[in-house]
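Structure record follows, encoded as structure tokens.
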Amino acid sequence: MTQAADSLFTGPSDLHLHSNHSDGTETPAEVVRQAHAHGIRTLALTDHDRTTGWDEAGDEAVRLGMTFLPGIELSAKHEWRSVHVLGYLFDPENPALLAETDRIRFDRVGRAERIVRNISRDYTLDWLDVLAQTTPDATVGRPHIADALVARGIVRDRTEAFDGILHPRTGYYEPHYAPDPLTAVRLITRAGGVAIIAHPVTSGRDRMMPVPFLERLIDEGLAGFEIDHRENTVAGKRLLRELAAEHDLIVTGSSDYHGAGKPNRPGENTTSDEMVARIIDRATGTAPRRG
Ligand code: AMP
Ligand code: FE
Ligand code: FE
Ligand code: ZN
């Protein structure tokens, strides 16, 4: 760890949390307060495809004497897999990255409308139900449709919605536009950020990208993997740790907190001080904020 980075923050660190600027249920300031209450002292806000929560979250973190790393979880796609790329400390005004996040968010709206139209063939649900569950301008996703299904009394919670009506195999699912992971990594890296694959080894449909493709991402500037995440498989974590060691990559652990939208709690997984320092050292796009 370098002296400069060492003096910038103190752990415990949770580098993956969502607010209601995407599919979390709390405001950015509330997310920061929750993280603090769970013992976290360094956090990153990583809303899907959006950076509008940074100022509010950063202000609250500074007020509480915490360190704030601006971040994003960028939607990407490899073959049939949904791939999420975490980006940290990039320039939020980078034109290429802004154009891509605008495109993804715009397409997500039409896609959510299509999913609702499909569901409405069998259930009483319309687009206004979804809008009622969505903060204006939030990145719209299936979680908001899940909340609308809950409000209608069709399912009990988001988990039941994802296991049933919103699952791709059920037939209501529609895809949305997303760049391929090489593009996503390149966009974040060229904006001065640090790109880390979120939950890279979950089970099921989105399971791990092939190792040769991961190595292409590393060649493209990928900085690391989020290994300690509740949805990564045990065998997958082992494999990724080996790959990370082989390529001297950053490894992180985080909660993927979504407020009441998921059972994940802040700090259930954390990132070591050494790895946070490496992220800060590597980034050139924007600086962390410290209280
Ligand atoms: P989308 O990007 O619109 O396809 O929706 C995927 C998002 O839904 C992910 O970012 C997750 O945060 C969320 N999600 C996935 N599975 C669940 C679940 N079982 N319960 C709550 N949220 C979920
Ligand atoms: Fe999410
Ligand atoms: Fe994700
Ligand atoms: Zn996430």
Side-chain angles (χ1 to χ4, degrees), residues 13-28 31 34-35 40 43-54 57 69-78 81-88 101 104-105 108 111-112 115 130 133-135 138-148 150 157-159 161-163 166-168 173 175-176 178-179 181 184-185 188 195-209 222 224-233 236 240 252-271:
S13 304
D14 187 344
L15 302 185
H16 184 168
L17 302 98
H18 295 267
S19 77
N20 62 5
H21 286 232
S22 63
D23 55 356
T25 59
E26 297 163 347
T27 64
V31 171
Q34 282 296 326
I40 293 302
L43 90 160
L45 186 73
T46 54
D47 278 311
H48 299 281
D49 310 313
R50 195 167 191 101
T51 62
T52 47
W54 288 8
L69 272 60
I72 198 167
E73 188 173 14
L74 190 58
S75 304
K77 190 165 19 181
H78 180 248
R81 303 173 188 85
S82 164
V83 172
H84 287 172
V85 185
L86 293 161
Y88 298 108
T101 50
I104 297 167
R105 287 200 319 278
R108 276 176 163 282
R111 173 260 196 163
I115 295 178
V130 176
Q133 301 300 325
T134 310
T135 312
T139 304
V140 178
R142 282 182 290 160
H144 302 99
I145 304 174
D147 292 345
V150 173
D157 56 22
R158 282 188 181 184
T159 303
F162 271 91
D163 289 346
L166 294 176
H167 196 283
Y173 183 84
H176 64 78
V185 166
I188 292 166
I196 300 209
I197 304 290
H199 43 73
V201 285
T202 58
S203 56
R205 189 172 186 267
D206 294 330
R207 70 183 169 279
M208 199 176 102
M209 293 177 274
L222 180 71
F225 300 120
E226 180 187 58
I227 293 187
D228 288 319
H229 182 290
R230 65 158 68 201
E231 287 167 40
N232 284 336
T233 64
L240 277 192
T252 67
S254 16
S255 64
D256 206 354
Y257 180 65
H258 282 70
K262 277 189 167 185
N264 312 30
R265 294 298 97 188
E268 67 176 35
N269 289 294
T270 54
T271 298

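The figures here come from the full heavy-atom set of this structure, side chains too, leaving out hydrogens, waters and symmetry mates. Atoms within each ligand, like the ligands themselves, are counted from 1 in listed order.
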Name of the residue among Thr135, Thr52, Thr51 meeting side chain to side chain donor-acceptor pair (under 3.5 Å) with His21: Thr52

Euclidean distance, Ile115 CD1 relative to His144 NE2, rounded to 0.5 Å: 12.5 Å

Minimum heavy-atom distance between Leu166 and Tyr173, given as atom pair plus value: O-CD1, 3.9 Å

Closest non-hydrogen atom pair between Ala148 and Gln133, with its separation: N-CG, 3.6 Å

Any Ser22 side-chain heavy atom under 4.5 Å of Glu73 side chain: no

2.8 Å cut-off (strict), protein N, O or S atoms about the Fe ion (ligand 3): 3

N, O or S atom within Asp23 nearest to the Fe ion (ligand 2), by name: OD2

Residue-atom pairs from the protein, N, O or S only, that lie under 2.8 Å from the Zn ion (ligand 4): His16 NE2, His18 NE2, Glu73 OE1, Asp256 OD1

From Arg265, His229, Arg230, Glu268, residue fulfilling side chain to side chain contact (heavy atoms under 4.5 Å, CB included) relative to Ser255: Glu268

Close side-chain approach of Ile197 to Leu86, heavy-atom, < 4.5 Å: no

His176 vs Ile104 side-chain heavy atoms within contact, under 4.5 Å: yes

Closest non-hydrogen atom pair between Pro200 and Leu240, with its separation: CG-CD1, 3.4 Å

Nearest non-hydrogen partners of Tyr88 and Thr46, listed with the distance: CE2-CG2, 3.9 Å

